[in-house]
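Computed from a prediction, not measured in an experiment: that's the story for all the values here.
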Amino acid sequence: MTFEKVVENACFGGTQGVYKHSSQELDCEMRLAVFTPPQAEVEPCPVVFWLSGLTCTEENFTVKAGAQWVAAELGLVIVAPDTSPRGVNVPGEDDSYDFGSGAGFYLDATEAPWSQHYRMYSYVTGELPALIFKHFPARADRQAIMGHSMGGHGALTIALKNPDTFASVSAFAPIVAPMQVPWGEKAFGRYLGSDRATWADYDATALIRAGRRHPGTILIDQGLADNFLAEQLQPNLFIDACESAGQAVELRMQLDYDHSYFFIATFIEDHLRHHAAAFAAL
């Protein structure tokens, strides 16, 4: 399996890099961004996986979130993969912003022709971390996951299904109930087929109601000026499920903030400190 450096830059005493590799899981070339803090020169560091939202690549978070200075202070490796396979020549893969390229939804597609390449769940939970622990000074026993919008959906579902792997989880404006909103219904119907019972495995609200739990407190930030809040996000559905199930969750509704990276940059420090505190408690 090839793994190559695209570019590396000195950043807050550490290194911000972009890398590419030939993915066996997705059957295509993939890119990812990794921030390695200065502490990693001495010993392996905890790792936080960031999952981006619709239309994003590995670049959006890396350039816009302003996370590196906090990660450098706390000694955190941050991994930001791309959001889908690219250029695999599936008919229709580039027809819309909310399905196909840039919209992998962090699931394993079961419907042809998507099932050959669109296996982002297995990529994020298997192949990607294996690469990180092979090529970077990151601790496999200290992992956390977070994300934004579609990536928030991915972070929540992955953490709930792998609570022993991820010490903590957080999200910005996540799609918490994709089975009940247009984005999710479109993507799930085409990736997973018409049997809605199979969709529940990738729906955070449904997972909570089915008995899945995370031992930590789930941190969620949501902007009140987010134009997707009412139709696509509906965090109240997840909060209601968590409260009924006894799952610890903190939802912070942020006045005047929207769905953009200005929102993420404002509160990214809080999220990284949330994960660092979870690591310290292990």
For Ser170 and His271, test the side chains for any donor-to-acceptor distance below 3.5 angstrom and give the result as yes or no. yes
Should Lys134 and Phe3 count as side-chain neighbours, where that means a heavy-atom distance under 4.5 Å? no
Centroid-centroid under 6.0 Å between Tyr191 and Phe99 rings: yes
Would you say Leu76 and Cys45 make side-chain contact, with heavy atoms under 4.5 Å? no
Before accepting this row, confirm whether a basic side-chain N of the pair Arg139/Glu43 lies closer than 4.0 Å to the acidic partner's carboxylate O. no
Greater than 12 external heavy atoms within 6.0 Å of Tyr97's OH: yes
Is the side chain of His117 donor-acceptor paired with the backbone N or O of Leu26 at a distance under 3.5 Å, no angle test? yes
If you look only at distance, which donor and acceptor atoms sit under 3.5 Å apart when one is on a side chain in residues 54-61 and the other is two or more places apart or in another chain?
from, atom 1, to, atom 2, distance (Å)
Thr57, OG1, Glu59, N, 3.1
Glu58, OE2, Arg31, NE, 3.2
Asn60, OD1, Thr57, N, 2.9

Determine whether more than 12 heavy atoms belonging to other residues, nucleotides or ligands lie under 6.0 Å from atom CD of Glu41. no
Less than 6.0 angstrom separating the ring centers of His135 and Tyr19, yes or no? no
If we ignore hydrogens and angles and just use 3.5 Å, is the side chain of Glu29 paired with the main-chain N or O of Lys20 as donor and acceptor? no
Just grab all the ring pair (Phe, Tyr, Trp, His ring centres under 6.0 Å) pairs involving residues 205-236, residues at least two apart or on different chains. Trp183-Phe228, Phe228-His259
Side-chain heavy atoms of Val169 within contact of Leu156, under 4.5 Å: yes
Charged N-O contact under 4.0 Å between Asp201 and Lys161: yes
Taking Leu237 as the starting point, is it possible to reach Ile175 by hopping between hydrophobic residues whose side chains are less than 4.5 Å apart? no
Transitively linked via ILVMFWY side-chain contacts under 4.5 Å: Ile268 with Phe262? no
Partners meeting ring-ring contact (aromatic ring centres under 6.0 Å, His included) with Tyr261 (sequence neighbours left out): His148
Among the clusters formed by ILVMFWY side chains lying less than 4.5 Å apart, do Val181 and Ile220 turn up in the same one? yes
Can Phe105 and Tyr202 be said to form a ring pair (Phe, Tyr, Trp, His ring centres under 6.0 Å), step by step? CA-CA 9 Å; Phe105 270 85; Tyr202 298 105; over 10 Å; no
Side chains of Gln68 and Gln16, donor plus acceptor under 3.5 Å: yes
Beyond-backbone contact of Phe49 with Val124, side-chain heavy atoms, under 4.5 angstrom: no
